[in-house]
A.B. asks: 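Next up is a structure, given as structure tokens.
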Amino acid sequence: MKEIDYYNLMKGFEAEEIEPMVGIFWYLPEEHRLFEVYASALSQSKMVNGHTTYSKLHKTIWQAKKCRDRAKGKDTSVYYQDYTRIPRGRIFYDNGKFIVKVGSWYKQYEDELRELVANELIAKNSDVIIAFPSESSKGTYDTIRKAKK
């Protein structure tokens, strides 16, 4: 009979932590929740323009869901509207910090959004930066606030 090292086996379970993730999401403010969250662990994510991020685009996922609902013959679906009409964001990882890039819609939901993103995707004790597109320069982001969760 093979002897099992239960002590080290259990010690391994204790040390096991869920790896933080990067990803994309939509946010439903009226329901106070993230919607359609797609994520990958940092170790499984791709580097894009110097940032670690999830490999798929919002648009691609939305189109696939729209086609699925049409194929099922659904008369109504949230996916029949333009994917940009529902608040959305992307989580990057760069230099030890998580950067959540969103549109200016986030302002009235900042605290709730930070909490939801931290609970669902990011390690609890990580630096989280919420950023939104700069009004003066498309494609650049202004940092709003840094917070240690």
A.B. asks: Could you tell me if the ring centre of Tyr27 sits under 6.0 Å from that of Tyr109?
C.D. replies: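 Aromatic pair counts; centres sit under 6.0 Å.
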A.B. asks: Does Trp105 share a hydrophobic cluster with Val37, counting links as ILVMFWY side-chain heavy atoms below 4.5 Å and allowing steps through other members?
C.D. replies: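 Yes; Val37 is reachable from Trp105 via cluster members.
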A.B. asks: For the pair Lys56 and Tyr54, evaluate side chain to side chain contact (heavy atoms under 4.5 Å, CB included) and give the outcome as yes or no after the intermediate values.
C.D. replies: CA-CA 6 Å; Lys56 294 188 179 174; Tyr54 183 69; 3.5 Å; yes
A.B. asks: Is there a side chain to side chain contact (heavy atoms under 4.5 Å, CB included) between Ile91 and Ile24? Walk through the geometry before answering.
C.D. replies: CA-CA 6 Å; Ile91 301 161; Ile24 63 173; over 6 Å; no
A.B. asks: Out of curiosity, Ser55 OG to Met47 CE, how far, rounded to the nearest 0.5 Å?
C.D. replies: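 It comes to 14.5 Å.
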A.B. asks: Decide side chain to side chain contact (heavy atoms under 4.5 Å, CB included) for Tyr79 and Ile86; before the verdict, give the C-alpha distance in whole Å, the side-chain angles of both, and the deciding distance to 0.1 Å.
C.D. replies: CA-CA 10 Å; Tyr79 304 107; Ile86 297 177; over 6 Å; no
A.B. asks: So for atom CG, which belongs to Asp82, do other residues, nucleotides or ligands contribute more than 12 heavy atoms lying within a distance under 6.0 Å?
C.D. replies: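 Yes, CG of Asp82 has more than 12 neighbouring heavy atoms, counting only those of other groups under 6.0 Å.
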A.B. asks: State, with a plain yes or no, whether a side-chain heavy atom of Thr52 is found less than 4.5 Å away from one of Leu42.
C.D. replies: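 Result yes, sub-4.5 Å side-chain heavy-atom pair found.
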A.B. asks: Minimum heavy-atom separation for Ala39 to Met21, with atom names?
C.D. replies: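 Closest approach of Ala39 to Met21: CB-SD, 3.8 Å.
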A.B. asks: Side chains of Leu34 and Leu28: does their closest heavy-atom pair fall under 4.5 Å?
C.D. replies: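 A side-chain contact is absent here, since even the closest heavy-atom pair is not under 4.5 Å.
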A.B. asks: Distance from Glu115 atom CD to Glu110 atom CD, nearest 0.5 Å?
C.D. replies: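 Reported to 0.5 Å precision, the distance equals 12.5 Å.
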A.B. asks: Using side-chain heavy atoms (C-beta onward) and a distance below 4.5 Å, is Ser40 in contact with Val22?
C.D. replies: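 Answer yes - side chains close enough.
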A.B. asks: Taking only residues two or more places apart in sequence or in another chain, which ones pass side-chain hydrogen bond (donor to acceptor under 3.5 Å, both in side chains) with Glu31?
C.D. replies: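 With neighbours one apart ignored, the set is Arg33.
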A.B. asks: What's the separation between atom CZ in Phe98 and atom CZ in Phe92, rounded to the nearest 0.5 Å?
C.D. replies: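 Between atom CZ of Phe98 and atom CZ of Phe92 there are 13.0 Å.
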A.B. asks: Using side-chain heavy atoms (C-beta onward) and a distance below 4.5 Å, is Tyr93 in contact with Thr53?
C.D. replies: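 No; the side chains remain at least 4.5 Å from each other.
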A.B. asks: For the atom pair CZ (Arg68) and OG (Ser77), what is the distance rounded to the nearest 0.5 Å?
C.D. replies: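 With rounding to 0.5 Å, CZ (Arg68) is 7.0 Å from OG (Ser77).
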A.B. asks: Can you list the steps and then say if Arg88 with Glu36 is a salt bridge (charged side-chain N to carboxylate O under 4.0 Å, His left out)?
C.D. replies: CA-CA 10 Å; Arg88 66 191 191 286; Glu36 292 292 350; over 6 Å; no
A.B. asks: Would Val48 and His51 count as a side chain to side chain contact (heavy atoms under 4.5 Å, CB included) if you check the C-alpha gap in whole Å, the side-chain angles of each, and the deciding distance to 0.1 Å?
C.D. replies: CA-CA 5 Å; Val48 177; His51 304 291; 5.9 Å; no
A.B. asks: Nearest 0.5 angstrom please: Glu112 CD to Leu116 CG, how far?
C.D. replies: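 Answer for the CD-CG pair, Glu112 versus Leu116, is 5.0 Å.
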A.B. asks: Once you measure the plane-to-plane angle for Trp26 and Tyr83, does it fall in the parallel (<30°), tilted (30-60°) or perpendicular (>60°) bin?
C.D. replies: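 Ring orientation of Trp26 relative to Tyr83: perpendicular.
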A.B. asks: Using the side chain to side chain contact (heavy atoms under 4.5 Å, CB included) criterion, which residues pair with Leu57? Sequence neighbours excluded.
C.D. replies: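 Leu57: side chain to side chain contact (heavy atoms under 4.5 Å, CB included) contacts with Thr60, Arg90.
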A.B. asks: Using only atom types and a distance under 3.5 Å, with no angle test, would you say the side chain of His58 pairs donor to acceptor with the backbone of Phe25?
C.D. replies: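 Pair found, side chain donor or acceptor close to backbone of Phe25.
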A.B. asks: Do you know the tightest heavy-atom contact between Lys74 and Tyr80?
C.D. replies: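 It is O-OH, 2.7 Å.
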